[in-house]
Amino acid sequence: MKKFASVFSVMSLVAVLAVPVSSFAQSADQSIIASLQAQIAALLAQVRELQAQLKQQQTQPTAFCYNWTKNLKLEDGDRTGLGNDVANLQTALQKDGFSIDKNEFPHNMVGPGFGESTASAVVGFQEKYADEILKPKGLAHGTGYVGPSTRAKLNALY
């Protein structure tokens, strides 16, 4: 009978201890899950921050420096003595995300210059920065002409 009582006592003790161990395990599991969820949330926040930084870098012009002092228009280039200005304009436009056909030969030009694809890119540039280039002049659409307002924005950026 004493053995039965001892076995019963041991079994009762194990049963009493098993409940807290079981609930402790569940509590530990929940703590681990909560910790992992917090780490995942922190990583997702970092991913969003990095995506925002990448987007900002993609919209900002990369390092390039030039000072435009002359107005530029369709067919300007080496023949008009503005080849260097046009070449740097094309570089700036490309750095700002616009596409230029570097092999375009405008009418009556010996080499590449300010042709249709450059004019189209200038229009895109002017419309991208419309608040600074077009709106002060009362314009809603780009002109493709690189005048004082467009030059000022180019010089501010580059």
Side-chain angles (χ1 to χ4, degrees), residues 1-69 71-72 74 84-104 112-158:
M1 188 69 129
K2 279 189 177 186
K3 277 188 177 185
F4 180 73
S6 293
V7 170
F8 182 73
S9 296
V10 169
M11 288 176 61
S12 297
L13 183 59
V14 168
V16 168
L17 290 175
V19 171
V21 168
S22 170
S23 65
F24 174 75
Q26 288 176 350
S27 175
D29 287 346
Q30 289 174 349
S31 175
I32 290 170
I33 290 170
S35 174
L36 290 173
Q37 287 174 333
Q39 288 176 355
I40 290 169
L43 288 172
L44 288 172
Q46 283 182 318
V47 167
R48 284 190 296 274
E49 183 180 333
L50 289 171
Q51 286 173 329
Q53 288 175 3
L54 179 61
K55 185 176 180 179
Q56 184 180 13
Q57 287 178 350
Q58 289 173 338
T59 58
Q60 289 181 347
T62 55
F64 170 73
C65 186
Y66 190 76
N67 185 36
W68 287 270
T69 58
N71 296 337
L72 301 170
L74 198 60
N84 195 41
D85 290 323
V86 171
N88 281 293
L89 170 66
Q90 291 170 335
T91 298
L93 292 168
Q94 287 176 320
K95 289 190 174 293
D96 211 40
F98 297 95
S99 148
I100 306 283
D101 178 5
K102 283 279 194 171
N103 296 315
E104 67 183 357
F114 196 130
E116 291 296 327
S117 74
T118 303
S120 178
V122 169
V123 167
F125 180 84
Q126 291 169 329
E127 291 178 357
K128 180 177 180 179
Y129 300 103
D131 288 342
E132 299 163 75
I133 298 172
L134 301 175
K135 289 182 182 175
K137 304 282 185 193
L139 299 172
H141 302 286
T143 63
Y145 175 75
V146 180
S149 299
T150 305
R151 281 189 294 107
K153 185 60 183 178
L154 284 164
N155 287 331
L157 290 172
Y158 302 105

### Query
With sequence neighbours left out, what residues match Ser120 under side chain to side chain donor-acceptor pair (under 3.5 Å)?
none

### Message
Show the nearest heavy-atom pair for residues Ala121 and Phe98, with the distance to one decimal.
### Response
CB-CB, 3.7 Å

### Task
Could you tell me which non-hydrogen atom of Trp68 sits nearest to which non-hydrogen atom of Ala92, and how far apart they are?
CH2-CB, 3.7 Å

### Smallest separation among heavy atoms of Thr118 and Leu93, with atom names
O-CD1, 4.1 Å

### Query
Quick one: are Tyr129 and Leu157 in side-chain contact, heavy atoms under 4.5 Å?
yes

### Task
Return the set of residues passing salt bridge (Lys or Arg N to Asp or Glu O under 4.0 Å) with Lys135 (not counting sequence neighbours), or none when no residue passes.
Asp131

### Message
Is any side-chain heavy atom of Glu127 closer than 4.5 Å to one of Leu134?
### Response
yes

### Query
Can you find a pair of side-chain heavy atoms, one from Val122 and one from Phe114, that are under 4.5 Å apart?
yes

Validation: residues 35-50 side-chain donor-acceptor distances under 3.5 Å, sequence neighbours left out:
from, atom 1, to, atom 2, distance (Å)
Glu49, OE2, Gln53, NE2, 3.4

### Message
List the residues meeting side-chain contact (heavy atoms from CB on, under 4.5 Å) with Ser99, not counting sequence neighbours, and say none if there are none.
### Response
none

### Task
Kindly compute the distance separating OH (Tyr158) from OG1 (Thr91), expressed to the nearest 0.5 Å.
10.0 Å

### Message
Restricting to non-hydrogen atoms, name the atom on Leu74 and the atom on Ala119 that form the minimum distance, rounded to 0.1 Å.
### Response
CD1-CB, 4.0 Å

### Query
Is there a side-chain contact between Tyr66 and Leu89 (heavy atoms, below 4.5 Å)?
no

### Message
Tell me whether Gln90 contacts the main-chain N or O of Gly113 through its side chain, where contact means a donor paired with an acceptor under 3.5 Å.
### Response
yes

### Task
Just grab all the side chain to side chain donor-acceptor pair (under 3.5 Å) pairs involving residues 148-157, residues at least two apart or on different chains.
Asn67-Asn155, Asn71-Arg151, Gln126-Thr150, Glu132-Lys153

### Query
With Tyr145, which residues qualify under ring-ring contact (aromatic ring centres under 6.0 Å, His included), at least two apart?
none

### Task
State, yes or no, whether a side-chain contact exists between Leu154 and Phe125 at a heavy-atom distance under 4.5 Å.
yes

